[in-house]
Structures are given as structure tokens and as C-alpha cells.
Protein chains: 2
Amino acid sequence: MGPVQQIADSLESEIAGSAPGDRLPSEHALMRRFGATRTRVRRAIELLEARFLVRRAQGAGTFVNRRIDYLVSPEGAPSLHRTVERAGGVPRTFLIDAVEREAPADIAEFLDLDAGSPCTRLVRLAYIDDQIATCAEEWIAPGVLDNVDVSLRAIESLAEVLRGTRRDPVRAWSRVATDFAPADMAARLETRETTPTWCLETLTRDGAGGAALMFSRSWLRQDRVRVVIQFGER
Amino acid sequence: MGPVQQIADSLESEIAGSAPGDRLPSEHALMRRFGATRTRVRRAIELLEARFLVRRAQGAGTFVNRRIDYLVSPEGAPSLHRTVERAGGVPRTFLIDAVEREAPADIAEFLDLDAGSPCTRLVRLAYIDDQIATCAEEWIAPGVLDNVDVSLRAIESLAEVLRGTRRDPVRAWSRVATDFAPADMAARLETRETTPTWCLETLTRDGAGGAALMFSRSWLRQDRVRVVIQFGER
DNA sequence: GAGCATTTGTCCGTATGTATT
DNA sequence: CAATACATACGGACAAATGCT
């Protein structure tokens with residue numbers, strides 16, 4: 001076992017006994033403790049970072065990372081908000097944009113829209129322990145919601161809002177994959193364009209086979225959320 | 001735009017015009033061409049590697065990578081073999097182990113087995129263009145197959161074999177996630193334990209709600225296969 | 001099989017850059 | 001502004017794997 005791996009193993013057992021958000025000793029402190037060069041110490045921390053065990057922030061330090069398991073199934077997914085809470089984390093959601101605009105062609109097709117008809121597009125960010133975790137773009141068919149910009153600022157689940165308008169939102173279609181987020185998304189997620197990111201797309205209809213209500217495309221950082229897809233009966 | 005990004009962009013457009021398996025110029029040749037240090041050239045190639053565009057082999061060189069899109073849905077997945085062929089790649093499958101042994105507790109539960117009853121465990125490797133891509137462990141319930149070790153050496157799909165025994169294999173339950181492969185799996189996949197890897201688990205039953213036939217757990221390298229999970233109707 | 005050149009992988013020590021506190 | 005902490009870069013050296021002779 002190489003010296004880098006030894007340092008990594010030692011740090012890993014140390015992490016196991018600490019809570020998400022805790023700060024690790026600085027790289028210089030670790031150099032002294034292990035009598036190693038900075039290169040080795042950094043390599044060791046990079047191993048932990050690759051496994052999403054720690055998070056590093058320039059100027060601030062290295063911290064124990066929190067990663068959430070998020071279960072997706074055809075029956076629907078619990079809100080990320082609640083999932084985070086249950087894991088002991090602090091979820092926060094922000095609406096950062098709400099505009100009327102024409103949807104891109106592929107999305108308009110999902111929503112059964114005529115070309116040129118404008119729909120409401122929301123952009124929302126979700127944080128876990130004040131760390132950016134996901135960004136969702138949501139296209140809402142015309143006439144489905146009013147004053148969303150007002151009513152949504154503090155609401156974490158669009159499904160709940162839709163239910164409030166006497167609709168019965170059901171997940172009609174979903175696709176999950178990992179991909180490289182486009183530049184604007186990567187910027188919002190404060191991540192590099194070279195890191196694979198979850199992309200979860202969902203078409204919501206009103207009741208089974210009813211009118212298309214909404215198409216959403218969520219990007220989720222792999223280091224903050226672990227998406228698990230499950231279907232069928234045991 | 002930094003010098004590293006410029007080199008990466010230049011190489012990327014070069015890659016776009018070449019075929020999977022093609023070799024890139026060596027790092028030294030690129031140093032001369034771009035008048036850059038090895039650090040910068042390597043960083044640039046690492047950017048391409050992170051996006052799965054190239055593959056590097058010590059002592060051999062850097063090559064244009066082939067990555068397969070693999071669609072998984074509740075209705076079932078086409079065989080990886082056929083998916084690779086359709087993309088223009090060369091698929092190959094090897095049975096590397098076939099033993100009678102007791103299944104681990106969690107898997108025995110899936111197969112409705114009593115503790116201690118032995119089942120057949122197969123381990124199979126799949127290659128794309130002679131590059132290791134996936135490793136599957138398959139536990140087959142007692143009495144379902146005979147002489148599998150003989151009959152399976154050249155067969156790429158277990159479902160076809162099961163159909164040959166007058167069964168009706170259906171995908172009853174599945175779970176997909178990315179995870180870090182255990183050490184033995186990482187070794188078989190010739191990958192590091194720090195790279196997230198697809199894990200696809202499936203329970204196969206005989207007809208709808210029938211007897212449990214098989215539980216399989218496949219690990220798929222993210223750089224060779226892009227798993228896309230899709231369910232529902234548009 | 002042995003030997004050799006090529007190619008990528010890893011590491012070192014040092015210096016400088018940049019974000020945070 | 002100063003101190004601290006992580007990020008990036010350089011040039012060089014050696015290791016390890018590959019492929020050819």
C-alpha cells in the first residue's frame with residue numbers, strides 16, 4: 001500500500017467519526033502530522049473527494065461532505081426537500097427566475113403545445129446545508145398556474161401547488177441519465193463542465209392520460225445527491 | 001480562455017473527425033505542436049478523458065474512446081450485445097466463473113430461497129472493441145438451468161437460454177444507481193475504486209408473478225456505457 | 001525470451017495565483 | 001490589509017506498461 005493510500009485510509013477513519021460539515025486539518029497541518037509532502041497529502045484528499053467523502057473550498061478548507069440518497073420510481077419521487085430533512089440535512093429552495101417564454105421545440109412537443117405558444121418557465125435552485133445541490137428548469141403549460149412567481153418563492157414542491165388548483169398531478173414519463181451539464185447550468189451548479197451530473201426529466205400530466213401540465217428538467221450534482229432508480233415489485 | 005482549454009478545444013475538434021480507436025499524437029508530439037509544457041498538454045487530455053472522449057493506456061498511447069448508450073426501462077432492456085453492434089462496435093462476452101454456491105442473504109431473499117440452499121452463480125465479462133466494459137454476477141435459482149457452464153460460454157443473453165427451457169423470463173424488479181464498485185469488481189473492470197460505476201440489479205421471474213428465476217447484478221463502466229433509464233408514456 | 005525505445009503514470013520541490021477569513 | 005488555505009503551474013526525474021526487434 002502506497003504512502004498516499006495510507007494517509008487516505010487514516011483520514012477516512014477519522015471522517016467516519018465526524019459529522020457532515022466538520023472541517024479537516026489544513027494541508028500544512030497534515031504534512032506535519034504525516035511527515036509527507038504536500039503532493040502526497042493532496043493526492044490522499046483527492047481520493048476522498050473522488051468518493052464524495054469530502055468537499056474542498058479554496059481559502060476555507062476541506063470539509064466532511066453530506067450526500068443524499070434520492071429514490072426515483074415510476075410511482076413518483078418524494079420531494080428532495082423532505083428527503084434531505086429526513087437525512088438530517090438542512091434543505092433550502094430558491095426561485096431565481098420566472099418568465100413567460102416560448103418553450104424549446106422538444107419540450108413544446110412534450111406539452112402538446114402549438115409552436116409559438118408561450119408557457120411559464122421557472123428556474124429553481126436547491127441547497128443542502130447551504131451547498132448548491134440541484135437546479136431545476138420547469139416549463140408549465142399555459143393556463144395552469146397564475147402568479148406563480150409570488151406563490152412559489154417559499155414553496156418547495158410544485159406538485160403541492162398544482163394540487164391546490166384542484167389538479168391531480170401524476171408522473172407520466174421520466175428519463176434519468178448522467179450527462180455533462182451545459183455551460184449555463186454548470187455555472188449555476190458551481191461545477192465544472194467535465195463532471196458528470198444527474199439529469200432527471202419528467203412530464204407531469206393531470207390524472208392518468210390527462211392534459212400535460214408541466215415538463216421539468218432537473219440537474220443534480222453527483223457529489224451532493226445519489227440518485228437511485230427503482231421499479232417493479234419484488 | 002486558458003491555454004489548457006485552447007489545447008483541449010483543438011484536440012476535441014480533431015477527435016470529432018476521427019473514429020473510435022484512433023490514436024492521438026503522443027504527449028511529446030503535442031508539446032512540440034502547441035509549444036506547451038507537458039503539464040498543460042496532460043491537463044488538456046485529462047479534460048477530454050473526464051468527458052469520456054479519449055482513453056489512455058500506459059505505454060501504448062491515447063485513443064479516441066467509444067461510449068455506448070444503453071437504454072433501461074421497466075419493459076426490459078435490449079441485450080448490451082445487440083446495442084453495441086448497432087452502434088458499430090464489436091461486442092464480446094466471456095463466462096469467467098460458474099459455481100454452485102449459497103447466495104448471500106439479501107439475494108437469497110430475492111429468490112425466495114431457504115437459507116443454505118445452493119444456487120448457480122455465473123460471472124460474465126463483456127467487452128466493447130476489446131475494452132472491458134461490464135461485469136455481471138448472476139445467481140440462478142436451483143433447478144432452473146443445467147450444464148450452464150457448457151451452454152453459456154458462447155451465449156450473450158441469459159434470457160434467450162431461459163426461453164429455450166420453455167420459460168417466460170420477465171423483469172420483475174430493477175434498481176439502478178451509480179456506486180463505487182467493491183475491490184474485486186473494480187479489479188475485474190480494471191478501474192479504480194474511486195470512479196463511480198453503474199450498478200444495475202434485476203430480478204427475473206417466470207411470467208408475471210411467477211417463480212423467481214434469477215437475480216443479476218451488473219457493474220458497468222461509466223466511460224464505456226451511458227445508462228439511460230426511462231419509464232412511462234409520453 | 002531478452003532487450004530496447006516509446007508512451008503514459010506518478011512523484012518531487014518550489015513558486016505563484018486566488019479565494020476566504 | 002494580512003494571514004490562511006486551497007489551486008495551478010513548472011521542470012525534471014523515475015516508474016511502469018506496451019510493442020517491436
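In what follows, chains carry the letters A, B, and so on, assigned in the order in which the sequence lines appear, proteins first and then strands, with residues in each chain numbered from 1.
Ring to ring, B:F110 and B:W173 are close: their centroids are under 6.0 angstrom apart.
Proximity of a side-chain donor or acceptor of A:R42 to a complementary backbone N or O of A:E27 within less than 3.5 Å is not detected. Put simply, the side chain of A:R23 gets close to the backbone of A:A60: a donor and an acceptor are under 3.5 Å apart. Proximity of a side-chain donor or acceptor of A:N65 to a complementary backbone N or O of A:F52 within less than 3.5 Å is detected. Side-chain N or O atoms of B:Q222 include one that pairs as donor or acceptor with a backbone N or O of B:P196 at under 3.5 Å.
The side chain of B:T39 places no N or O atom within less than 4.0 Å of a non-bridging phosphate oxygen (OP1 or OP2) of D:dA9. Regarding contacts with the backbone of D:dC6, a side-chain N or O of A:T62 is found under 4.0 angstrom from either OP1 or OP2.
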task: List the protein contact pattern of nucleotides 16-21 of chain D with one symbol per nucleotide (5' to 3'): B for base contact, S for sugar-phosphate-only contact, - for none; contact means a heavy-atom distance under 4.0 Å.
output: BBB---
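B:R56 and B:E46 are joined by a salt bridge, as a carboxylate oxygen and a charged side-chain nitrogen come within less than 4.0 angstrom of each other. A salt bridge is defined here as a Lys NZ or Arg NE, NH1 or NH2 lying under 4.0 Å from an Asp or Glu carboxylate O, and A:D106 with A:R217 meets this definition.
Side-chain atoms of A:D129 and A:V90, non-hydrogen and from C-beta on, do get closer than 4.5 Å to each other.
Judged by atom type and distance alone, B:R38 does not reach the base of D:dA9 through any side-chain donor-acceptor pair under 3.5 Å.
Atom pair B:F34:CZ and D:dA9:P shows a separation of 16 Å (rounding to whole Å applied). Between A:M31 atom CE and D:dA5 atom C1' the separation is 13 Å, expressed in whole Å. Summarising the geometry, the separation between CZ on A:R42 and P on D:dT8 is reported as 7 Å, rounded to the nearest angstrom.
Close approach of DNA chain C to chain B, defined as any atom under 4.0 Å from a non-hydrogen atom of the protein, starts and stops at C:dT6 to C:dT10.
Less than 4.0 Å separates DNA chain D from no heavy atom of any residue of residues 15-25 of chain B.
Taking the side-chain contact (heavy atoms from CB on, under 4.5 Å) definition, one finds that A:A177 meets it with B:R226, B:V228, sequence neighbours left out. For B:W139, the ring pair (Phe, Tyr, Trp, His ring centres under 6.0 Å) criterion is met by no residue, not counting sequence neighbours. Not a single ring pair (Phe, Tyr, Trp, His ring centres under 6.0 Å) links B:F63 to another residue, sequence neighbours left out.
Counting only heavy atoms from C-beta on, B:R43 has its side chain closest to D:dA9 among D:dA7, D:dA9, D:dC10.
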